[in-house]
Each structure stands twice: as C-alpha cells, then as structure tokens.
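Below: one structure, written as structure tokens.
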Protein chains: 2
Amino acid sequence: MNGADALIETLVDNGVTACFANPGTSEMQFVAALDRQPKMRPVLCLFEGVATGAADGYGRMSDTPACTLLHLGPGYGNGLANLHNARRAYTPIINVIGDHATYHRQYDAPLNSDIPSIVAANSVWVKSADTPDTVAATAAEAITASYGPPGGPVSLILPADSAWLETKVSKAVASRPAPAKPDAANVEAVAKAIKAAAKPVVLIGGRAVRAEALVQAARLQAAGVRVMADTFVSRQPRGAGVFAPARMQYFGEAALADLEGTDLMVYAGTTMPVAFFAYPDRPSVLVPEGCATLTLADRETDSVAALAALADALSAPATGPSQPLKLPETAPTGGMTPQSAGLSIARHLPEGAIICDDSVTSGGGVAVPCMTARPHDVLALTGGAIGIGMPLAIGAAVASPGRKVVSLNGDGSAMYTVQSLWTMARENLDVTVVVFANHSYRILNIEMGRTGSGNPGPSASKLLDLGDPKIDWVSLAKGLGVPAVRCETAEQFETAFARAMSEPGPKFIEAAI
Amino acid sequence: MNGADALIETLVDNGVTACFANPGTSEMQFVAALDRQPKMRPVLCLFEGVATGAADGYGRMSDTPACTLLHLGPGYGNGLANLHNARRAYTPIINVIGDHATYHRQYDAPLNSDIPSIVAANSVWVKSADTPDTVAATAAEAITASYGPPGGPVSLILPADSAWLETKVSKAVASRPAPAKPDAANVEAVAKAIKAAAKPVVLIGGRAVRAEALVQAARLQAAGVRVMADTFVSRQPRGAGVFAPARMQYFGEAALADLEGTDLMVYAGTTMPVAFFAYPDRPSVLVPEGCATLTLADRETDSVAALAALADALSAPATGPSQPLKLPETAPTGGMTPQSAGLSIARHLPEGAIICDDSVTSGGGVAVPCMTARPHDVLALTGGAIGIGMPLAIGAAVASPGRKVVSLNGDGSAMYTVQSLWTMARENLDVTVVVFANHSYRILNIEMGRTGSGNPGPSASKLLDLGDPKIDWVSLAKGLGVPAVRCETAEQFETAFARAMSEPGPKFIEAAI
C-alpha cells in the first residue's frame, strides 16, 4: 500500500466516497489507487471550477464531504471561485491538491507555486502530508476539520512522493464534532428581549434554514415573531408543507424599508445582515438605526435546539404555519419570460426536486410560484461568484440519486462553467439545465445605475452586452452531449420542461427571454 | 475626475491601452470611466481565465502591459492559472482587481475575501489604492513594477470608493527600469571556462531567445559552442532566416541523454534546467553529473549584450547559422495526424504569423516542419497550466494587427477556456484555432506509465478519457460565433488551413486525429 492508497482508504472509511477530479501528472498515483478502491466514485470534470462547485453541491445535499482532486496551485486556482462560494456556504469539502515530490519543490519547476498561500483564503484548514506515513492521519484530520462546525473546504496537499512511497499506516479515523449546545441563560435573555420588543425579527440562515430548524422557526412565527431568512442560503426546503420565512431583500434600501420599525433583530445560524455591495450614499449595515441585536445561535451552535428552546420560552404553539400546495392551474401562454418559466417549473417540479439557483435577475420569476409547489430543496449562490449553477447540480445529482435536479442559470453565469454539461452527459445525471438567455449581464446594467456611474456609453456597453454574437446555447449543449431545445414562447417551455421532468437523464433548455 | 478616471488616464498615458475585462458591480466606475477615455480598448471576456491569458499574449507580443479588470478575489481566482503561466513567462500585466469600498470591507459581505493573500503567489507586486488621491501614483508604481526586470503580473486592488470619489491627482508617470549591464569580468570568466571545456553548452531562455539575442547566440554556435533553448519559452522567433537552437527535451532522461558528456553549462536569460515533474528513481536536475555551471546573464541582466560580449570574447564570427526556407513541397495526404497538420501549417503559415501553442502531445508534429517555414513567432506554455492557447491568441491578435495568429490546442486544453472563441468572434480577431481532438488526456496516459502507477483500470481510465461523450467541437465553435470545420483527412485539413490563412477573421478547425 502506498500513500495514495492510504489516503483513499481513509477517505472511504470515513464516508468520503465521491471524487470530483481533474488530475495531472502529480496526481497519477491517486488516480491509479482509485482502481484498488471501487467504493470511491471518480467523476471527471473538464475544468476544476466544475469539480469544486460539484463538491459543494454534494456536500450541501449529503452533509458529508466529497473530495476534489486538483493539479497543484493552478488547478486549485481554477476551482477557487466556487470554493469561495463553498466557504460562504460552510460546506465540508476535502480538496486534495497534488504537489511536486517534496524533494523536487526546491527546484521551482514550472508548475511550482506557493500552494499554502493560494489556498489560505478559502480553506478552513490547510496541511501538506509530507511523508507517506502521515497521509492517513492528515486525511482524517482534514475530514474532521471540514465538519467544523460550521464547516467548510479544507486543503490537503499531497506531494507526489508521499503518494507513491509505501506505508504501513493504512487508514485513520476522523470525527464529526457536534455543534455547541445553546446556552439556556442566553435563550432566556433573548426570549425576554423579544417579549419586550415592539417589532422583533428573528433572522435565520445557515443550518437554521434547514428542514428541522424551519419547523421550530415556524413556531416563532406562530407566536407572533416575524421570521426572516438570509437572501442567499446554502440549502433550504421550499414548497408545500414547508414554512416559508420572509426573505431579506437583496438591495439594501429595500431591505431597510422592509425592516422599518424593527426594534430587535435576533440571529440564528447567521450574523448581522450587510449590503452585498457598497454604493455611494447608501447603507452598508442592514439593521435599522436604533434596532437592538442579539445572537440566539451563532454558526457553531445547534440552531435547531436553540430555536426550539426559544419557541418553548415564548410558549409558542407546537407547530407553526406551512405553505399550501397550490400549483398554477393553467399552463402559461405567450412570450418567454422568467415569470412564465416559473409557472411551468412550479407546475411540473416533482416532489423532492433540488433547484440549484444561479439565475441572477431571472431568479425571482421562478421563486414566487415555487413557494407553493411540491416540496423541494433550493441551493443558492452564497458567495456571489457566478458560475455555480451547473456544477452544484452535478454534485447534488451524484449525492441524491432518485431526486430530480433543476439547474437555473443566467447566460452570463452559465458560460463560466459551461464545461459542466459534458460531465452531466458522461455520468448520465438526472439534471435539467435551464439557461435564461437575455444576452446581457443584466444585473450590471442595474448596478451601473445604482453606483452612480451614469448610463453606459459605447465602451461600457461593450462590457455589459453579450449579444454580439449571440451565443447559440443549443449548439453548445449538443456539442457537449446534452439533448437541448430552445424555447421562444411560454408554450414551448411548458412542453419542454414537462417532458424533462418526466424523463430521466440530462436535458438542456434555453429560455430565450 | 474620479479615481477610476485617474487610473485609466495613468494607464493610457503610460502606454497601457488594452483592457481584458470581466467586470462586476464593484468595477462599474472603471467601466463607466472607459467611456471618457477612448484610447483604452475594452475587450470583454466571458471568463477571467480568458482575460488573463489574453493579457499574457498581449504583453509577450508588445512588451508593454495590458490591464485586466477582475471582480474581487473570485474573479482573480478564475484568472489565476493563466497568471501563473504569465509569471513564468515574466510577462508584464496590470491586474486591476475591484474590491469593496474600504469602509465596507469590515462587514465581510459575501464577495469579500483576502485578496492580497490570493494574489500573492502570482504577483511580482501587490498594492491597494485605498484613497482616490493615491490611485494615479499607485497605478504608475504598478506599471513600473510590472516591467521588472524581468517583469511579471502585478495586482492593483481598487476599492469601489477609491474609484467613485473625486480626485485632483489625475495621473502619474511610470518608468521602465533597464536591465542590468553584463559584468565584463564575468563574461571573461565564462569565455575562459568555455574555451577550457570539452563540451560546453549555452542554455538560453527568457529574453535570450528573442530575435536580437538569437542573432548573438547563433554566433556562439558558429564558434563551436552548442546552444540550446529552454523547452517552454515565452516568445521565440522560428523559421527561415532565424537561428534554431536545439531544444531541451521535456522528459528528464531524454534531456540528460542529449546532454551526455557536457562538462559546462552556461545560462543566459534562464536558470538551471529541472525536470517538469519528479518521478520515482528519475533525476530532478537536468545537468549531467560533474558538469560545471555558470551564469552569463540572469533574468535581470541584458542578455543580448551579454551574449554579444561572450561571442566577441570567443572571437566568434559576426553572424551564425540560420534556418533555410524549406516548405513541404507537396500537400500531405491520408490520415489526419499532427504530422500531416504540421506539414499543412508549415506550407501555408504566412510570414509574421504568431503561433500560440498549447497542443501538448500533438505539438511536436507541428514544430518540426515549421523550423523551415516562413519566419514566425512562437508563444509557448511556460507554466504548465493548460488552457492558455486560445486566450494567448486573443491577446496576441489585439497586440499585433496585421499579423495572422494561429492557436494550437489539445482538446483537453481547449476545453479549459473554450469561452475564448466568443471573444474572437466579437472582436473579429484574425485568429485560426486548431484543436487536435484525440478525445483523451493523452499526456496523462504517458505520464501514468512514467510515474510507475501501472496501467489504468476502470476508475483511472474514467479520469483520462474524454471520449464518452465525444465533444463536437464544430458545434461548440459555431455556438460561440466562430465559423468551424472538422477535418478527418490530411486533404481536408490542407484545404481548411490554406483557406484560413487566406481569409481574415476567426476560424476554427477541428483536427480529428
């Protein structure tokens, strides 16, 4: 057994059984070792940003890390943006980063770079296993660290000689640290403050928007406390039978208008809300002036238990509100819009579906009707780095066989990691990709006005417009092996989406909005 | 005038007139300011790895930096791999990285990350312009730093408020530090050692493989000194009328066999040759045992002057050998191979063409016949991070109007930055893209054997093979707006390549090898 075997044994033994990979020469021992451990599923991605986004989707759905296999510093760099998103989602991910043999590093060969420096910003843990005998223990430490709480991506650097040299240390055991128990006195203090407040809000995010937590949050709502959720969440159930908290608005002034009069904000699983971007003369902090703030449960604390204890302390009912099942009765007709697409999606989305959302300005049109659709999960863009919608879907599909995955994307976003389509085809994943093609970075047209930059002239327009030439999305998808259709009317989308939901395997729909 | 204006004025005033961009909200002021300074050419790239690779190609051809416009840490991350390559090419590049407003950083909004840490490994200079009044001076400092010598990518962080606030400091002047003059005593010592050596080799790289330096290197060859060039070079002239030094072999054992008996290695514009990767029981250092080494000119030193002085000291002839013009007389026939493609390329490549080479295992078939083709420049993959062939071509074409650009790519490599094709179409660049489609990471099949990992089994094969599904490259290229053709025979390629060379504008050729 060599170090690569020890690594894979340790990963598999601790439940890490999916590897999203784009290997190079320095990772060949790991690749070869995969043949000796069939419990690890290798998934080839044609670009590392696909691999890391897929590992994020996998981790969000399974609450167990996948591993990635990345080729030195540049390979990690290609995956960095989606690891930024994963860090913001607190998703456990084991990045295995191949490196030169330890004795070769000193020669600064062309692919050499300062890997620990490159990975630091988006890793909750970094270590290099510099001998084969330390690989197993280091891997176990990596897995433990990835769980946090609250968890996140870790970077395990594997020098080539640690992989190819023999070892007798074949595996090691990781642990999964439990979140902290809520402090009873703090819960009491929060309950007291809520009772005393005129207009309290409980803001939930992270683990506090998962299914069990929403049940407790609904009880707070039933007790008269307004419950709101973060704008962008790692994973949240939605639809019939699920409590639907109000959502923090994206734009700061809208958020503050919504919160007007709020005199207490209580955080569970999240922290103080802030504007996504700063703008001249607009607020950064999205807490009304004079509003008190308290933390019920930080990200390290068991937010389900904390919300339950708070509901009990407030003598809340045993159950709270939940969404009815209310599907749009008639198929939409007319022009192709995000709203008409949303109606079709709400009508045909099967129970247990997973929506991976990177649809930027088109997203709202889908979210509204899906509030009363069949129950499903939503994975959102937590870190603002576009290009995650299709990679997330790959990981969600690998983690959740039997569940239909729907990937919603802006065209600008989808181009970032368009290579994803090939992996969906290769693995025959049950993913339906929708690209809302407005041939523009539409959000930037909006943002340009908000930053006080004036109207775009010829040079600026050149950087916001995607319409010259118009991307032929159907041609791209077919070229990468995914059956594809372009929809220019609501009727066409209704037919295409209904069909995609009734058939397994990858499908691509261009919504020509 | 705001800080963004001051930045663009300073860039333009110092010769930085191309901006390869993928902006976001935090860069809107820069985008708006472009409308007020038409001397800066904005080029939209649909992925930042395209932008950074394009800036590399631009800098290699013009010896003046382009700038990039990148969206915070994740935007830089997406461009990191090609900046790794640019660092290894010592290419001056001004990366303008938009950041949150200075006062907003403290709130750790979703897109916030530790930008200085992420950029450090691949930047020769990093600074944040934290007030509008410092923007101009900081930009001038950035430009100066990018020149080195030997130069490289710099990272100028531009917080949004530094961009949008008014300033009266409208621009600043950068300087271009001259390389060090060669030390006469050192040149004498090297000459003496060469005279005393039985089998000396002068290894050239970096600036020492540029046109003027090759003229001097040829004189050394004429004086009986073997001249060799680095395996991967930033930019090197090739073809008729140009001196063709021997090339260091890629695989270490082949390199050492080639160097057998060499008792002195002298470096000019480069450093000690090392193996690209380490392998069990194979050498890291590619200098024969017992061979002495001397440095004639390090990367900071004027290597043209150093080579000239050495040639003079050795009483070398005034001119040395150069390649004849010898085009393949007949068009290739039969199967589609890299070799047959190489013959067609050599036949039809026009004088002054620029080849951007990311063709991995197919490259050799083209290089050999091009040794006697019409004179052209070759830009190679200096850092080993694949996905540079098409981005480099974008930058080379923007920098060199009137010169035909040919981008040679492996299919695995081309998928990394396939978004490049759209920018070629949008800018109507005179680039012919060739993708050698073997539907495999063929180099890894070779490397797997060399690392002693055995033959690939089912899992390993899944990570090396790209053939299931087969990518339809013509469909991809057309979908991104570039006319495309698939060639399955040498005759088809001959026709397609000849036509591409005779017509302006972007063309795509899949060589189905």
Side-chain angles (χ1 to χ4, degrees), chain A residues 21 23 25-26 28-29 31-32 34-35 42 44 46-47 74 77-78 80-81 84 88 100-101 104 107 109-111 113-114 117-118 120-121 160 164 274 276-278 280 284 383-385 415-416 419 425-426 447-448 451 453-454 457 459-460 462-463 468-469 471-472 475-476 478-481, chain B residues 21 23 25-26 28-29 31-32 34-35 42 44 46-47 74 77-78 80-81 84 88 100-101 104 107 109-111 113-114 117-118 120-121 160 164 274 276-278 280 284 383-385 415-416 419 425-426 447-448 451 453-454 457 459-460 462-463 468-469 471-472 475-476 478-481:
Chain A
T25 299
S26 40
M28 283 301 103
Q29 301 287 341
V31 169
L34 287 170
D35 282 324
L44 178 59
L46 301 189
F47 183 71
N78 285 331
L80 187 150
H84 169 95
R88 293 289 180 176
H100 286 305
H104 196 66
Y107 302 117
L111 268 163
S113 61
D114 184 352
S117 158
I118 290 169
W164 77 52
V274 300
F276 209 87
F277 292 106
S284 281
M415 269 311 289
Y416 266 61
Q419 304 92 343
R426 142 117 11 157
E447 295 282 22
M448 194 152 185
T451 57
S453 308
S459 285
K462 240 186 116 179
L463 295 182
D468 178 24
I471 294 167
D472 180 343
S475 188
L476 287 189
K478 287 183 176 171
L480 293 167
Chain B
T25 298
S26 40
M28 283 300 103
Q29 301 287 341
V31 169
L34 287 170
D35 281 324
L44 178 60
L46 301 188
F47 183 71
N78 284 332
L80 187 151
H84 169 95
R88 293 288 178 178
H100 285 305
H104 196 66
Y107 301 117
L111 268 163
S113 61
D114 184 352
S117 157
I118 290 170
W164 77 53
V274 299
F276 210 87
F277 292 106
S284 282
M415 269 311 289
Y416 266 59
Q419 304 91 343
R426 140 110 24 150
E447 296 282 20
M448 192 152 188
T451 57
S453 308
S459 286
K462 241 186 115 181
L463 295 182
D468 178 23
I471 293 167
D472 180 344
S475 189
L476 286 189
K478 288 183 176 171
L480 293 167

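Residue numbering restarts at 1 for every chain, and letters A, B, ... go by the order of the sequence lines. It should be emphasised that the depicted structure is a prediction, and the values quoted were computed from it without experimental measurement.
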**Message:** Only pairs of heavy atoms separated by less than 4.5 Å count here; which of A/Gly457, A/Pro23, A/Ser113 has the most with chain B?
**Reply:** A/Gly457
**Top contributor to chain B contacts, counting heavy-atom pairs under 4.5 Å, from A/Ser284, A/Gly481, A/Gly384** = A/Ser284
**Message:** So that I know where these two stand, are A/Phe47 and B/Phe47 an aromatic pair - ring centroids less than 6.0 Å apart?
**Reply:** yes
**Prompt:** Given the side-chain rings of B/Phe277 and A/His100, with only the six-membered ring counted for Trp, is the space between their centroids under 6.0 Å?
**Reply:** yes
**Message:** Set out, in order, the CA-CA distance, both residues' side-chain angles and the distance that settles side chain to side chain contact (heavy atoms under 4.5 Å, CB included) for B/Leu80 and A/Ile118, then state yes or no.
**Reply:** CA-CA 9 Å; B/Leu80 187 151; A/Ile118 290 169; 3.8 Å; yes
Of all heavy-atom pairs between [X] and [Y], which one has the smallest distance, and what is that distance?
{"X": "B/Asp35", "Y": "A/Ser459", "result": "OD1-N, 2.7 Å"}
{"X": "A/Ala278", "Y": "B/Ala101", "result": "CB-CB, 3.7 Å"}
{"X": "A/Ala109", "Y": "B/Arg88", "result": "O-NH2, 3.2 Å"}

**Message:** Quick check on B/Ala425 against chain A: is it the side chain, the backbone, both or neither that has a heavy atom closer than 4.5 Å?
**Reply:** both
Main-chain N/O of [Y] paired with [X] side-chain donor or acceptor, under 3.5 Å:
{"X": "B/His84", "Y": "A/Gly77", "result": "no"}
{"X": "A/Lys462", "Y": "B/Leu44", "result": "no"}
{"X": "A/Asp472", "Y": "B/Gly479", "result": "no"}

Distance, nearest 0.5 Å, that separates [atom1] of [X] from [atom2] of [Y]:
{"X": "A/Met28", "Y": "B/Glu447", "atom1": "CE", "atom2": "CD", "result": "8.0 Å"}
{"X": "B/Leu480", "Y": "A/Leu476", "atom1": "CG", "atom2": "CG", "result": "4.5 Å"}
{"X": "B/Gln29", "Y": "A/Ser453", "atom1": "CD", "atom2": "OG", "result": "3.5 Å"}

**Asked** Can you list the steps and then say if A/Phe276 with B/Leu111 is a side chain to side chain contact (heavy atoms under 4.5 Å, CB included)?
**Response** CA-CA 8 Å; A/Phe276 209 87; B/Leu111 268 163; 3.7 Å; yes
**Prompt:** Are any non-hydrogen side-chain atoms of A/Tyr416 and B/Asn78 less than 4.5 angstrom apart?
**Reply:** yes
**Fill in**
Looking only at B/Ala385, B/Ser475, B/Pro110, most heavy-atom pairs under 4.5 Å shared with chain A are made by B/Pro110
**Asked** Among B/Val274, B/Leu34, B/Leu463, which residue forms the greatest number of heavy-atom pairs with chain A at distances under 4.5 Å?
**Response** B/Leu463
